[in-house]
**Q** 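Take a look at this one; I'll ask things after.
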Number of protein chains: 2
Amino acid sequence: MSQPKGSKGKVTIIEIADAAGVSKSTVSLVLTGRGAVKPETRQHVLQTMDRLGYVYNRGAANLRNAQSRIVGLVLNDLSNPFFAEFAIGVEKVLQMAGYVAFMANTAESVVRQEQVMRMMREHGAGGIILCPALDTRPEHLDWVRAAGTALLVAIRRLPGADTSVVVPENLAGASRVTRHLINLGHERIAFLGGMHSMVVRQERHGGFLSAMEEAGCRVDPALNLESMPTRDGGFGAMSAVLSLADRPTAVVCYNDVTAIGAMLAAARHGLVVGRDIAIVGFDDTSEARHVSPALTTVAVDPVGLGERAAALLLKQIADPAAEPESFIGPAHLVIRESCGAYQRALAAAG
Amino acid sequence: MSQPKGSKGKVTIIEIADAAGVSKSTVSLVLTGRGAVKPETRQHVLQTMDRLGYVYNRGAANLRNAQSRIVGLVLNDLSNPFFAEFAIGVEKVLQMAGYVAFMANTAESVVRQEQVMRMMREHGAGGIILCPALDTRPEHLDWVRAAGTALLVAIRRLPGADTSVVVPENLAGASRVTRHLINLGHERIAFLGGMHSMVVRQERHGGFLSAMEEAGCRVDPALNLESMPTRDGGFGAMSAVLSLADRPTAVVCYNDVTAIGAMLAAARHGLVVGRDIAIVGFDDTSEARHVSPALTTVAVDPVGLGERAAALLLKQIADPAAEPESFIGPAHLVIRESCGAYQRALAAAG
DNA sequence: TTTCTTTGTTGGAACGTTCCAATAAATTCG
DNA sequence: CGAATTTATTGGAACGTTCCAACAAAGAAA
C-alpha cells in the first residue's frame with residue numbers, strides 16, 4: 001500500500017512534517033508520545049507516516065537520549081540445545097519489558113566474542129548477557145563495563161569478574177545425582193566429559209567428589225575422563241571407559257549431551273543402559289526426556305535461568321549504580337530410566 | 001587498564017581530538033582509515049583513544065553513510081537444531097565478509113517477527129535473512145523492502161513474495177527417500193508430521209506422492225497424518241498410526257525431529273525400528289547420526305544452506321538493483337539403519 | 001626559482017532525531 | 001473582564017560522526 005517515496009532517499013521526520021503541514025517537532029512528539037498533541041493532529045501525522053513509508057531512525061534518536069531498548073545476548077555454543085533453551089527464556093522476559101534481544105554466537109572463539117560485543121556496544125545496547133567462550137579471561141571484559149554497558153555473566157561463572165552472575169547450582173546438583181547412584185548400590189562410579197579447565201566441570205566434579213567421599217567410596221583417578229562437551233566427546237570417553245579392565249557400574253556425565261553420547265557408546269558395546277550400567281546427565285534439556293532409555297539427570301531449568309538472567313540485567317540497566325547480584329538456580333534430581341532405579345524398584349516389588 | 005573518563009559522559013571523537021592535539025577530522029580519518037594520515041599521528045590518536053576508553057558511536061556514523069555492516073537473522077524456531085545449524089552457516093560467511101549477524105527468534109509468532117524486523121531495520125541493518133513464522137503472508141513483507149533493506153527468505157518458501165529464496169530441494173528429496181523405501185519392498189507407507197498449511201510439508205508430501213504414484217503404490221489417506229513438527233508431535237502421530245488395524249510397514253516423516261519422536265513411539269509399542277518397521281526423516285541434523293538406530297534421512301546440509309543464504313544476501317546488499325535470485329539446495333539420501341536396508345543386506349548376504 | 005603535485009591536516013556543514021524555550025491559542029480563575 | 005494557567009505547536013540548538021572544500025607544507029617537475 002505504501003508507495004516508497006523517491007528512489008532510495010529515506011523518508012525523514014521533516015518530510016513527514018512538510019507533507020502533514022506541521023512542524024518536525026510535532027511529528028517528534030507523536031513519535032515519542034511524550035508531549036500533548038491534539039488527537040486529530042496525531043492521527044493525521046500517523047497516516048502521513050504510513051503513506052510515505054517512514055522508517056524511524058533509531059541511530060539518530062539515540063544520539064540525543066541513549067536509550068536503545070536492545071540488549072545483546074552472546075552465546076558460546078548455539079548448537080547445544082541447552083543454550084537455545086536459555087535464549088528462549090531470555091527473550092521471553094525481555095520482550096515483556098519492551099526490549100529486543102539481539103543474539104550472536106561466538107562458537108567458543110574469544111576474538112569473535114570481543115567482536116560481537118564491541119558491535120553491540122557500538123549499536124548502543126543497554127546491556128549484554130554473556131555466556132563466555134572457553135578461554136575468556138575476566139580482564140577481557142573490563143572495557144565493556146567501562147563505557148557503562150550493563151553486563152551479566154551467565155552459565156559459566158568467571159572467577160575474578162565482579163559482574164552479576166546467573167548460574168545453576170552445579171556442585172549441589174552433581175552431588176545429589178551422585179548420591180542417588182550410591183543409594184542404588186553403586187560404588188565404582190566414573191565422572192566423564194568436559195575439559196578440566198572449564199569452571200562448570202570443576203564445580204560439577206567437585207560435587208561428585210564430595211558425595212563420593214561423604215559416602216566413603218573410593219575415587220579411582222582412572223575413572224575421571226575429560227572430553228569435549230559434545231555427543232562425540234561423550235561417545236569417545238565412554239568407549240575408553242568401557243575398554244578398561246575394571247569397568248565402573250555407573251557413570252556421571254558432565255552434561256546431557258555427553259551423557260547421550262555415552263549411552264550410545266554403551267549400547268554399541270552391547271550393554272543395556274539402566275540394567276547393565278547406569279548413566280546420568282546434567283541440565284535436563286528436552287532431549288533427556290526423549291532419548292531411550294530416558295535419561296536420569298539434574299534439572300537446572302535453562303529457560304528459567306534465562307528468564308532470571310534477563311530480569312537481573314534489566315534491573316541493572318535501570319539502576320547502573322546497584323551492586324552486582326548473583327542468582328544460583330536450583331538443580332534438582334530427575335529420576336528416569338537410565339540409572340536403573342526403575343528396574344530396581346520393579347525387582348524389589350516383584 | 002583504560003581508566004573510564006568522567007562519571008558517565010561518553011567519550012567522543014572531539015575529546016580524543018583535544019587530548020591528542022589534533023582536529024576531530026583527523027581522528028575521523030584514523031577511525032575510518034580512509035584518508036592519508038601520518039603514521040605517527042595515527043599511532044598517537046589510537047593511543048589516546050585507548051587511554052580515554054573511547055567507544056565508537058555507530059549510530060552517529062550511520063547518520064551520514066548508511067553502511068552499518070550488520071544483517072539480521074530472523075529464526076522461527078530456535079529450539080529446532082536445524083535452525084541452529086543454519087544460523088551457524090550464516091554467521092560463518094557473514095563474519096568473513098566483515099559483517100555481524102544479529103539473530104532473533106520469533107517462536108512462530110508473526111507479531112514478534114514484525115517487531116524484531118522493524119527493530120533491525122531501525123538499527124540500520126543492511127539486510128535481513130528471514131525464516132518466516134508459520135502464518136506469514138507475503139504482503140507482510142512489503143514494508144521491509146520498501147525502505148531498501150535487502151530481504152532473503154530461507155527454508156520456508158513464501159509463495160507470492162518475490163524475494164531471493166534459499167530452500168532445500170524438498171520435493172526431489174522426499175521422492176528420493178520414498179523410492180528407497182519402495183525399493184526395499186515396502187508398499188504401505190505412511191507420511192507423518194508437519195501441518196498441511198506449511199509449504200515445506202506440501203512440497204515434501206508432494207515428493208512422497210509422486211514417488212508412490214510412479215511406483216504404482218496405493219496411497220491410503222488414513223496414512224497421511226499431520227502433527228506439530230516437534231518430537232512430541234512425531235510421537236503422537238506415530239502412536240496414532242500404530243493403533244490402526246492395518247499398520248504401514250514404513251513411515252516417511254516430515255523432518256528428523258518428528259522422525260525421532262516417531263522412533264520413540266515405535267519403540268514404546270515394542271517394535272524394533274529398522275526390523276519391524278522402517279522410519280525415515282528429513283534434514284539430517286546432527287541428531288540423526290547419533291540416535292539409535294541411526295536415522296535414514298535426506299541430507300539438506302543446513303550449514304551449507306546458511307552459507308548460501310548469507311552469500312546471496314551480501315550480493316543483494318552490494319547490488320540492490322539486482323534481480324532476486326533463488327537457490328535450491330541439493331537433497332541427497334543418507335542411508336543408515338532405521339530403514340532396515342542394512343539388515344536386509346545382511347540377510348541377503350547370509 | 002617558480003609552478004605543479006602530493007601529503008597531512010582542518011573547520012564547517014550535513015545527517016535525523018530530541019529537547020528546550022518561546023509562542024499562540026484556549027481555558028480557568030478571581 | 002483581565003490575569004493566570006493550561007494546551008498545542010514551533011524554531012533552533014544540540015547529539016557524534018563523516019564528508020567536502022580549503023589550506024599549509026613539502027617534494028617534484030619545469
Side-chain angles (χ1 to χ4, degrees), chain A residues 5-6 8-46 48-49 52-70 118-119 121-124 147-148, chain B residues 5-6 8-46 48-49 52-70 118-119 121-124 147-148:
Chain A
K5 241 270 311 250
K8 76 235 248 114
K10 322 226 169 210
V11 183
T12 83
I13 212 184
I14 299 190
E15 298 175 47
I16 301 296
D18 289 352
V22 295
S23 77
K24 63 180 170 37
S25 302
T26 304
V27 179
S28 174
L29 290 179
V30 171
L31 235 30
T32 59
R34 252 186 268 281
V37 51
K38 205 170 3 173
E40 342 164 24
T41 316
R42 149 170 281 113
Q43 270 314 311
H44 183 215
V45 169
L46 286 173
T48 313
M49 292 198 314
L52 300 189
Y54 168 71
V55 183
Y56 185 67
N57 184 333
R58 204 162 287 269
N62 286 347
L63 222 46
R64 290 300 307 251
N65 67 338
Q67 292 287 13
S68 82
R69 290 190 102 62
I70 79 168
R118 168 157 286 135
M119 210 68 158
R121 222 170 47 133
E122 287 178 0
H123 276 282
Chain B
K5 240 270 308 255
K8 77 230 249 121
K10 323 226 169 212
V11 183
T12 83
I13 213 184
I14 298 190
E15 298 176 45
I16 302 294
D18 289 352
V22 296
S23 77
K24 64 178 169 40
S25 304
T26 304
V27 180
S28 174
L29 290 178
V30 171
L31 236 29
T32 59
R34 252 184 270 279
V37 52
K38 202 170 5 172
E40 342 164 22
T41 317
R42 150 171 279 113
Q43 268 314 310
H44 183 213
V45 168
L46 286 173
T48 313
M49 292 199 312
L52 300 189
Y54 170 70
V55 183
Y56 185 67
N57 185 332
R58 205 163 285 269
N62 288 165
L63 222 45
R64 290 299 305 253
N65 66 340
Q67 293 287 14
S68 82
R69 289 190 104 61
I70 78 168
R118 168 158 285 134
M119 210 68 157
R121 223 171 46 135
E122 287 178 0
H123 276 282

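Because only heavy atoms are used, hydrogens play no part in the values below, and waters and symmetry mates are left out as well, while side chains stay in. The sequence lines fix the lettering, A, B, ..., with proteins before strands; numbering per chain opens at 1.
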**Q** May I ask you to list the residues of residues 34-44 of chain B, by number, that have any heavy atom positioned under 4.0 Å from an atom of DNA chain C?
**A** B/Ala36, B/Val37, B/Lys38, B/Thr41

**Q** Taking the side chain from B/Ser68 and the backbone from B/Gly124, do they hold a donor-acceptor pair closer than 3.5 Å?
**A** yes

**Q** Using side-chain heavy atoms (C-beta onward) and a distance below 4.5 Å, is A/Asn62 in contact with B/Asn57?
**A** no

**Q** Nearest nucleotide by nearest heavy atom, which residue falls closer to the 5' end of DNA chain C, A/Gly59 or B/Leu29?
**A** B/Leu29

**Q** If you look at every strand shown and take non-hydrogen atoms under 4.0 Å, does A/Ser28 touch a base, only sugar-phosphate, or nothing?
**A** base

**Q** When you list every nucleotide of DNA chain D with an atom under 4.0 Å from a heavy atom of chain A, which one comes first 5' to 3', and which comes last?
**A** D/dA8 to D/dG16

**Q** Does a side-chain heavy-atom distance below 4.5 Å link B/Leu29 with B/Val45?
**A** no

**Q** Using the side-chain contact (heavy atoms from CB on, under 4.5 Å) definition, which of the options B/Asp18, B/Ile14, B/Ile16 pairs with B/Val27?
**A** B/Ile16

**Q** Using modelled atom types and a 3.5 Å cut-off, is there a donor and acceptor pairing between side-chain atoms of A/Ser28 and backbone atoms of A/Lys24?
**A** no

**Q** Excluding sequence neighbours, so at least two apart, what forms side-chain hydrogen bond (donor to acceptor under 3.5 Å, both in side chains) with A/Thr32?
**A** none

**Q** How sharply is the helix from C/dT1-D/dA30 to C/dG30-D/dC1 bent, taking the axes over five pairs at either end and rounding to 10 degrees?
**A** 40°

**Q** Output all residues satisfying salt bridge (Lys or Arg N to Asp or Glu O under 4.0 Å) with B/Arg118, sequence neighbours left out; order by chain, then residue number.
**A** B/Glu114

**Q** Would you mind listing every salt bridge (charged side-chain N to carboxylate O under 4.0 Å, His left out) that reaches into residues 52-63 of chain B, with sequence neighbours excluded?
**A** A/Glu122-B/Arg58

**Q** Sequence neighbours excluded, which residues qualify as side-chain contact (heavy atoms from CB on, under 4.5 Å) partners of A/Ser25?
**A** A/Ser23

**Q** Quick one: label B/Ser25 by what it contacts on the DNA or RNA (base, sugar-phosphate, nothing), any heavy atom closer than 4.0 Å.
**A** base

**Q** Under the side-chain contact (heavy atoms from CB on, under 4.5 Å) test, which residues partner A/Leu46, sequence neighbours left out?
**A** A/Val30, A/Arg42, A/Gln43, A/Met49

